[in-house]
Amino acid sequence: MVPLAITFLVTALLYASVGFGGGSTYTALLALAEVDYRVLPLLSLACNLVVVAGSTVRFARARVTPWGRALLLTAIAAPAAFLGGLTPIAEQGFVALLGTSLLFTALTMMLPVAKRPEGEGERGRVARYAPLAALPLGYISGLVGIGGGIFLAPLLHLVRWDSARAIAATASLFILVNSLFGLAGQVLKGGEGRFAAAIDLGLPLLVAVAIGGQIGSLLALRYLPRRWIRWGTGALTAFVGGRLLLNL
């Protein structure tokens with residue numbers, strides 16, 4: 001458990017520095033550790049909550065969060081995340097969906113994303129349709145324990161939804177709300193017993209990500225090449241996702 005907790009701490013530190021929760025990497029690490037698939041989403045979503053709360057507050061204090069449009073995205077996604085958490089799913093179906101989600105996550109992380117310079121240009125014409133993506137992203141978030149921000153941010157960059165900082169702030173809020181609603185659905189589905197089991201197993205991990213998340217939020221790690229972070233975590237999630245699918 002100690003090596004896993006240290007890995008979670010480092011993951012939280014890196015992801016918090018760019019406004020993400022790290023749910024995809026937590027899920028990958030827990031899958032590698034062969035954690036019960038029924039407990040896995042609970043742990044990933046709980047870790048997301050702990051990490052991304054600090055980033056959301058940091059962005060809000062910096063007044064870069066576009067609250068109107070960000071809240072629209074989260075309001076659409078949140079009920080879907082709750083339903084995803086409530087949805088019963090067999091182990092084989094869960095593993096297949098998780099493996100596919102991890103592969104898509106890895107692709108998203110390793111592909112270059114063209115960022116819009118701060119204050120430059122107008123919003124893309126298709127940016128108004130971005131809320132349509134919130135519904136499926138919210139559902140997947142609650143079902144497999146991935147916050148969805150890692151998918152949302154590149155999409156918003158692609159359609160020139162807003163500045164890079166505003167998109168990071170929006171992704172942070174999106175992950176926070178989705179994780180909360182998804183976790184609520186998972187708890188209702190599994191009952192108090194499964195929630196207690198998740199807490200017993202995951203308490204050291206929650207402490208680790210709390211520490212890592214605070215450090216990452218404070219330092220912002222601007223001196224670390226973000227490309228290396230994306231490629232490294234992307235390679236890990238691709239490896240785990242591929243292994244899960246091959247073992248079906």
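S44 and T27 share a donor-acceptor pair across their side chains, judged by distance under 3.5 Å alone. Of the N and O atoms on the side chains of Y15 and S55, not one donor lies less than 3.5 Å from an acceptor on the other residue. Checking T56 against S172 by side-chain atom types alone, a donor-acceptor pair falls below 3.5 Å.
Taking 4.5 Å as the limit, some side-chain heavy atom of L86 sits within range of a side-chain heavy atom of L188. Contact check for L103 versus T237: no side-chain heavy atoms found under the 4.5 Å cut-off. Side-chain contact between L102 and L244 is present, with heavy atoms from C-beta onward closer than 4.5 Å. A 4.5 Å side-chain heavy-atom check between L42 and V187 finds at least one atom pair inside the cut-off. The shortest side-chain heavy-atom distance between V95 and L245 does not fall under the 4.5 Å cut-off.
In terms of modelled atom types and a separation under 3.5 Å, the side chain of D162 and the main chain of I167 share no donor-acceptor contact. The backbone N or O of P131 sits nowhere less than 3.5 Å from a side-chain atom of R69 that would complete a donor-acceptor pair.
The nearest pair of heavy atoms linking K189 to T87 is NZ-O, 2.9 Å. Of all heavy-atom pairs spanning G84 and Q186, the tightest one is O-NE2, 4.5 Å.
Paired with L180 under the rule side chain to side chain contact (heavy atoms under 4.5 Å, CB included), one option of L49, T74, V52 passes, and it is L49.
Note: F94 and Y37 have tilted aromatic rings, judged against thresholds of 30 and 60 degrees for the angle between ring planes.
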Practice task
Could you please spell out the steps behind the ring-ring contact (aromatic ring centres under 6.0 Å, His included) verdict for Y26 and F8?
Solution key: CA-CA 7 Å; Y26 303 138; F8 268 54; 4.9 Å; yes

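Taking CD1 from I6 and OG1 from T11, the interatomic distance works out to 11.5 Å, rounded to the nearest 0.5 Å.
Residues passing the salt bridge (charged side-chain N to carboxylate O under 4.0 Å, His left out) test with R38, sequence neighbours excluded: D36.
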